[in-house]
Peer 1: 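Have a look at the structure that comes next, please.
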Amino acid sequence: MTDRSANLKITVSTLTRKRPEMLAALVRSWGDLVIPSNCIVRFLVVENDKVANSKQIVQEAGSSLANGCAIEYVLEPELGIPFGRNRAAREAIANGSDLLCFVDDDEVVAQDWLERLVAGYRSSSAVLLGAPLRAAGPSGRETGVQRLMLRNISNRYLAKEQAAARRSALNDTGGVTVVTNNWLGETRLFSEVGLWFDETMRMTGGTDAKFYADAVGQGLTVGWVPDAFVYETIPPERLSFWYQAARGRDQSNTYMRRKLKNKPVSAVLGFLSIPIRFLGLVVAMILMPIQPDRRFIQIARTLGWLVGVIGIFFGYKSALYKKVSGH
């Protein structure tokens, strides 16, 4: 058992692939972080690619960041998000870290992000904790439709954040899934419990949701920190109706396939909800003219959900992460 009041050794990691500008922004925000007291923190960039395209960004940051913490780089040539995540876990274990944190390479972190995340960990008995994701503001280069979608995404994230704050606590997520866009876990989850990101799900996405479900299934304490914020930069290509629909399609497809494998009765109930989802789509379309900042993404996501779930009957399988978006 980790002594939470003792000095903690922490690895903060991101997985990156072909997004050098976004990665550079994240690294800069790492350098601005307030480091929690009684903690030794190192930052780790895992590049999931065949060649070291982003190594120079880490080298330019130097061996340590502005806050004095070390930053390191490793190349994981086996393509697929779970391979990159597991590489980060192995590196953290080899380094002797007590905790591993994940954020995405298209995010920046608030200055007090790690301080609040660690404070939540120390005040809880949870071995896995999540925290909210917010959308970064517009760049000023978006089209009118893209600005509309960005407002929809921001409102969607805020609604999720508020729901999580109501339902969850430091020792109970209330069913809110902990995903790797804002994630803290004890390294012993890997080294002792034997939980790893599922490498059979190479490009489908959803391995973090499965990791969370496996942790809950083993009766481990999971929790939520409501005030440790990260901010996602959303590139123009993700601000289209069809991108959001495709994301909803692939997420629902992966989720329902996992349910079919592990909880078939629950999956059947999901399939039976198709008419309700269709009705929700119709209602959202009716309300779109008076609630455009909320209904635009609801229409896209619901349409995608329906296609993803119905697509299972026709053999469709998600390949969400084969294409990289962002810069």
Side-chain angles (χ1 to χ4, degrees), residues 15 17-19 79-82 104 106 133 135 145-146 148-157 159-160 163 175-177 179-181 197-198 200-213 232-264 266-288 292-326:
L15 176 63
R17 184 168 181 239
K18 297 179 180 177
R19 296 205 282 214
L79 295 183
I81 284 180
D104 288 345
D106 57 358
L133 171 68
V145 173
Q146 289 169 344
L148 173 61
M149 183 58 80
L150 182 57
R151 292 195 298 273
N152 272 257
I153 293 171
S154 183
N155 286 331
R156 184 171 185 264
Y157 286 175
K160 285 187 172 186
V176 178
T177 302
V179 295
T180 47
N181 59 34
F197 294 97
D198 188 344
T200 66
M201 301 169 68
R202 182 185 294 267
M203 293 291 180
T204 64
T207 56
D208 48 2
K210 183 177 184 297
F211 189 102
Y212 167 79
E232 179 185 9
T233 300
I234 305 171
E237 56 265 39
R238 290 192 218 158
L239 295 174
S240 76
F241 178 91
W242 295 113
Y243 177 89
Q244 293 299 323
R247 192 167 180 83
R249 174 198 65 199
D250 288 345
Q251 288 177 338
S252 69
N253 184 270
T254 299
Y255 175 80
M256 288 298 290
R257 283 185 177 277
R258 193 174 80 240
K259 285 289 187 183
L260 277 171
K261 182 179 179 180
N262 300 321
K263 296 181 179 180
S266 178
V268 169
L269 293 175
F271 288 123
L272 291 176
S273 72
I274 289 175
I276 297 173
R277 294 274 184 163
F278 183 77
L279 179 61
L281 176 62
V282 173
V283 171
M285 293 173 70
I286 293 170
L287 293 175
M288 174 67 187
D293 287 357
R294 295 182 180 276
R295 301 300 176 179
F296 193 38
I297 195 168
Q298 183 185 354
I299 294 168
R301 286 285 183 145
T302 305
L303 180 62
W305 189 96
L306 289 165
V307 172
V309 171
I310 295 170
I312 292 173
F313 296 105
F314 299 93
Y316 177 76
K317 188 173 183 180
S318 168
L320 180 61
Y321 291 105
K322 279 189 175 180
K323 183 179 179 181
V324 178
S325 65

Peer 1: With side chains defined as the heavy atoms from C-beta onward, is the minimum distance between Val145 and Phe296 less than 4.5 Å?
Peer 2: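 Yes, their side chains come closer than 4.5 Å.
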Peer 1: Should Met256 and Phe271 count as side-chain neighbours, where that means a heavy-atom distance under 4.5 Å?
Peer 2: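 They are in contact (side-chain heavy atoms under 4.5 Å apart), so the answer is yes.
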Peer 1: Given side chains that start at C-beta, do those of Thr180 and Phe197 come closer than 4.5 Å, heavy atoms only?
Peer 2: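 In contact.
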Peer 1: Would you say the side-chain atoms of Arg151 and Asn155 include a donor-acceptor pair closer than 3.5 Å?
Peer 2: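 Not at all, the side chains of Arg151 and Asn155 share no donor-acceptor pair under 3.5 Å.
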Peer 1: Can you name the nearest heavy-atom pair linking Gly280 to Gln298, along with the distance?
Peer 2: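 Smallest interatomic distance, heavy atoms only, reads O-NE2, 4.1 Å.
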Peer 1: So which atom in Tyr157 and which in Ala135 form the shortest heavy-atom distance, rounded to 0.1 Å?
Peer 2: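 Answer, listing the atom of Tyr157 first, then Ala135: CD1-N, 3.6 Å.
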Peer 1: Please give me the minimum heavy-atom distance between Ser240 and Met149, naming the atom from each residue.
Peer 2: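 Minimum heavy-atom contact is O-CE, 3.9 Å.
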Peer 1: Under the side chain to side chain contact (heavy atoms under 4.5 Å, CB included) test against Arg249, which residue among Val307, Ile310, Leu306 passes?
Peer 2: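 Considering Val307, Ile310, Leu306, a side chain to side chain contact (heavy atoms under 4.5 Å, CB included) with Arg249 is found only for Val307.
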Peer 1: If only atom types and distance count, is the side chain of Asp104 paired as donor or acceptor with the main-chain N or O of Asp106 below 3.5 Å?
Peer 2: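 No; judged by distance alone, with no hydrogens or angles, the pair does not exist.
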Peer 1: Taking side chain as C-beta onward, heavy atoms only, is Val309 less than 4.5 Å from Tyr316?
Peer 2: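 With C-beta onward as the side chain, the pair stays apart.
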Peer 1: Determine yes or no for a side-chain-to-main-chain donor-acceptor pair under 3.5 angstrom, with Thr254 supplying the side chain and Gln251 the backbone.
Peer 2: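 A pair under 3.5 Å: no.
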Peer 1: Taking the side chain as C-beta and beyond, is there a heavy-atom pair between Ile153 and Leu239 under 4.5 Å?
Peer 2: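 Yes, close enough: below the 4.5 Å cut-off.
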Peer 1: Under a 3.5 Å cutoff, is there a donor and acceptor pairing between the side chains of Gln244 and Arg247?
Peer 2: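 Side chains of Gln244 and Arg247: no pair found under 3.5 Å.
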Peer 1: Grab the two heavy atoms, one from Arg258 and one from Ala213, that are nearest each other, plus how far apart they are.
Peer 2: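 Minimum heavy-atom contact is NH2-CB, 4.4 Å.
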Peer 1: From Met285 CE over to Leu303 CG, what is the distance, rounded to the nearest 0.5 angstrom?
Peer 2: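 Output value for this atom pair is 9.0 Å.
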Peer 1: With rounding to the nearest 0.5 Å, note down the distance linking CE in Met201 to CZ in Arg257.
Peer 2: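 Spacing of CE (Met201) from CZ (Arg257) equals 11.0 Å.
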Peer 1: Looking only at heavy atoms, what is the nearest atom pair of Gly304 and Ser252, with distance?
Peer 2: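 Of all heavy-atom pairs spanning Gly304 and Ser252, the closest is O-OG, 3.9 Å.
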Peer 1: To the nearest 0.5 Å, how far apart are CG in Leu148 and CZ in Arg295?
Peer 2: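 With rounding to 0.5 Å, CG (Leu148) is 13.5 Å from CZ (Arg295).
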Peer 1: How far does CG of Leu281 sit from CD1 of Ile286, to the nearest 0.5 angstrom?
Peer 2: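 Leu281 atom CG to Ile286 atom CD1 measures 10.0 Å (nearest 0.5 Å).
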Peer 1: Would you say Asn181 and Glu232 make side-chain contact, with heavy atoms under 4.5 Å?
Peer 2: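 Side-chain contact under 4.5 Å: no.
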Peer 1: Can a donor-acceptor pair be found, under 3.5 Å and without considering hydrogens, that links the side chain of Arg238 to the backbone of Tyr243?
Peer 2: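 Here the side-chain-to-backbone pair does not exist.
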Peer 1: Under the side-chain contact (heavy atoms from CB on, under 4.5 Å) rule, what do Ile274 and Trp305 come out as? Steps first, then yes or no, please.
Peer 2: CA-CA 9 Å; Ile274 289 175; Trp305 189 96; 4.0 Å; yes
Peer 1: State, with a plain yes or no, whether a side-chain heavy atom of Arg17 is found less than 4.5 Å away from one of Leu79.
Peer 2: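 Result yes, sub-4.5 Å side-chain heavy-atom pair found.
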Peer 1: Going through the distances and angles, do Val179 and Leu133 end up as a side-chain contact (heavy atoms from CB on, under 4.5 Å)?
Peer 2: CA-CA 10 Å; Val179 295; Leu133 171 68; over 6 Å; no
Peer 1: Specify the closest pair of heavy atoms between Asn253 and Gly308, including all atoms of both residues, with the distance to one decimal.
Peer 2: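 Closest approach of Asn253 to Gly308, heavy atoms only: ND2-O, 3.0 Å.
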Peer 1: Any chance CE of Met288 has more than 12 other-residue heavy atoms, nucleotides or ligands included, within less than 6.0 Å?
Peer 2: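 Atom CE in Met288 is packed in, count exceeds 12.
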